[in-house]
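Note: hydrogens, waters and symmetry copies are ignored here, and every other heavy atom, side chains too, is used.
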Amino acid sequence: MDGLVSSGDRPRILVTNDDGIDAPGLRALVQVLLSTNLYEVLVCAPDSEKSAVSHSITWRHAVSVKRVDIDGATAYAVSGTPADSASLGISAALFPSIPDLVISGINIGSNCGYHIVYSGTVAGAREAFINGVPSVSLSYQWVAGTSNINDFKLSAEACLPIISSIMAEIKNQRYTERCFLNIDIPTDVVNHKGYKLTKQGKSFIKSGWRQVTSSTQGGRVLSTMTMDTNPEVCAEMDASPLSGEHLLFKRHVREAPVLEDDTDYQSLLDGYITVTPLGALSPADIDCQEYFKNLVPGFLESSSSAL
């Protein structure tokens, strides 16, 4: 983290996301950060929706970058993924210097439990963390019929104390380099119960597949955590009818998540703003190590007996 503290009067925050640079969550976050007059705000985000692309990166070809007008911020739209956007934004190839903090979000829909694996929002923060830049992912628990666009602004404001505390730790060179934070904001953000340190649980929406005749059938999925959908036809989606050569299949909810006490998703449903430290490694449970400690030596014996 050496050299990350800005030399100017205001520290630099890079904002990215997976919903695209025009998404209301990102715009609200940028607006709230700028309203504090404490930070220089940079934006490097996908030029279109890239939800649930996980930590995929663009490797075989160049990405295109276009300047976008966001009042008060220096912003660019990238043709790549959230991980691409975060990587480019912290590389000093696009901006003249490395940001002090990367914030990915605010996502439309929570990111808890196993859904963190799929999340492009979390991947944006993880990419920064892997490259030594402090980072945070922010997600709002959107519920159709209850939530509205203003909830993103309220969510950003509710997270300002967290951001301020992190920036103070970075300035004093005390902030941890061992993890990044995944933060989820409850649906009723105005009446949230406070900040709660949690751990990643195993909540997961089990989905199945059903055949459809149009890519817009069933609406656009707004949240990978709840599979919440927007019944209105999304202009970005291809509404072409099913051709004779292709079959179309779409995910649908098959089973609700299993909840666990004192984990991220349960605490979020209880009304807390959840603060979950994450790492980039994927170690198995300790009992798996013990299991394979006994099994691996037998691989050679099994191979020899098969000859």
Side-chain angles (χ1 to χ4, degrees), residues 11 13 15 17 24-26 28-36 38-39 100-116 119 121-122 124-126 129 134-172 174-176 178-204 222-226 228 257-279:
I13 294 179
V15 177
N17 73 348
L26 181 143
L29 176 59
V30 170
Q31 178 189 13
V32 168
L33 290 173
L34 289 170
S35 70
T36 67
L38 296 174
Y39 311 114
D100 298 299
L101 177 67
V102 172
I103 304 178
S104 186
I106 299 170
N107 189 61
I108 304 174
S110 61
N111 281 302
C112 299
Y114 281 131
H115 290 267
I116 287 172
S119 171
T121 302
V122 176
R126 187 189 299 112
F129 165 70
S135 59
V136 177
S137 51
L138 302 178
S139 302
Y140 168 68
Q141 174 77 343
W142 177 278
V143 173
T146 300
S147 303
N148 62 74
I149 296 300
N150 189 55
D151 288 324
F152 291 112
K153 180 174 182 289
L154 297 174
S155 295
E157 292 171 343
C159 290
L160 279 179
I162 300 174
I163 296 168
S164 177
S165 295
I166 292 174
M167 295 305 300
E169 290 291 292
I170 292 172
K171 182 178 180 180
N172 293 320
R174 293 195 302 254
Y175 193 68
T176 181
R178 299 179 62 187
C179 64
F180 67 100
L181 290 183
N182 181 46
I183 296 171
D184 287 274
I185 302 104
T187 304
D188 189 5
V189 58
V190 174
N191 297 306
H192 73 81
K193 295 180 180 179
Y195 310 103
K196 185 174 182 179
L197 182 65
T198 62
K199 61 183 179 180
Q200 181 183 2
K202 297 179 181 179
S203 56
F204 180 62
L222 294 176
S223 169
T224 55
M225 190 71 215
T226 61
D228 201 3
V258 176
L259 301 179
E260 306 167 280
D261 292 337
D262 297 323
T263 57
D264 47 6
Y265 193 48
Q266 179 63 69
S267 298
L268 178 68
L269 295 181
D270 289 341
Y272 291 95
I273 294 177
T274 61
V275 180
T276 309
L278 296 176

For the residue pair Val136 and Ile162, establish whether any side-chain heavy-atom pair is separated by less than 4.5 Å.
no
Got Leu101 and Met167 here, is their nearest side-chain heavy-atom distance under 4.5 Å?
yes
Relative to each other, are the rings of Tyr140 and Trp142 parallel, tilted or perpendicular (30° and 60° limits)?
perpendicular
Report the relative orientation of the aromatic rings in Phe129 and Phe180; use parallel for angles under 30°, tilted for 30 to 60°, perpendicular for over 60°.
tilted
Give the minimum heavy-atom separation between Ser139 and Gly109, together with the two atoms involved.
CB-O, 3.3 Å
With a 4.5 Å limit on heavy-atom distance, are the side chains of Pro277 and Leu181 in contact?
yes
Within the structure provided, determine whether Asp262 and Lys196 are in side-chain contact (heavy-atom separation under 4.5 Å).
yes
Could you tell me if Gln266 and Asp270 have a donor-acceptor pair between their side chains, going purely by distance under 3.5 Å?
yes
Between Ser119 and Ile116, is there a donor-acceptor pair closer than 3.5 Å when you use the side chain of the first and the backbone of the second?
no
Do Leu138 and Ser155 make a side-chain contact, defined as non-hydrogen atoms from C-beta onward lying under 4.5 Å apart?
no
Quick one: closest heavy-atom pair of Pro186 and Ile273, and the distance?
CD-CG1, 3.7 Å
Does Leu269 reach the side chain of Gln141, with side-chain heavy atoms less than 4.5 Å apart?
yes
Does Leu154 reach the side chain of His192, with side-chain heavy atoms less than 4.5 Å apart?
no
Is a side-chain N or O of Ser110 found less than 3.5 angstrom from the main chain of Cys112, in a donor-acceptor match?
no
Measuring from atom CG of Leu268 to atom OG1 of Thr263, what distance do you get when rounded to the nearest 0.5 angstrom?
10.0 Å
Minimum-distance pair of heavy atoms, taken over all atoms of Ser203 and Gly113:
OG-CA, 3.6 Å
Test your reading of the model: is there a side-chain donor-acceptor pair from Asn111 to the backbone of Asn182, 3.5 Å cut-off?
no
When you look at Ile170 and Ile166, which way does the side chain to side chain contact (heavy atoms under 4.5 Å, CB included) test go after all the steps?
CA-CA 6 Å; Ile170 292 172; Ile166 292 174; 3.7 Å; yes
For side chain to side chain contact (heavy atoms under 4.5 Å, CB included), just list the numbers for Asn17 and Leu29, CA-CA rounded to whole Å, side-chain angles, deciding distance to a tenth of an Å, and then say yes or no.
CA-CA 11 Å; Asn17 73 348; Leu29 176 59; over 6 Å; no
Restricting to non-hydrogen atoms, name the atom on Asp151 and the atom on Ser147 that form the minimum distance, rounded to 0.1 Å.
OD2-CA, 3.3 Å
Got more than 12 heavy atoms from elsewhere within 6.0 Å of OH, Tyr114?
no
Distance-only donor-acceptor check, side chains Thr198 and Thr276, under 3.5 Å
yes
Say you draw a straight line from CZ of Phe152 to CG of Leu26; how long is it, rounded to the nearest 0.5 Å?
11.0 Å
Can you find a pair of side-chain heavy atoms, one from Cys159 and one from Ile185, that are under 4.5 Å apart?
yes
For a side chain to side chain contact (heavy atoms under 4.5 Å, CB included) check, start with the C-alpha distance between Ile163 and Leu33, then their side-chain angles and the critical distance, and finish with the verdict.
CA-CA 9 Å; Ile163 296 168; Leu33 290 173; 4.0 Å; yes
To the nearest 0.5 Å, what is the distance between OG on Ser137 and CD1 on Ile106?
11.5 Å
Gln31 side-chain N/O to Lys153 backbone N/O, donor-acceptor pair under 3.5 Å:
no
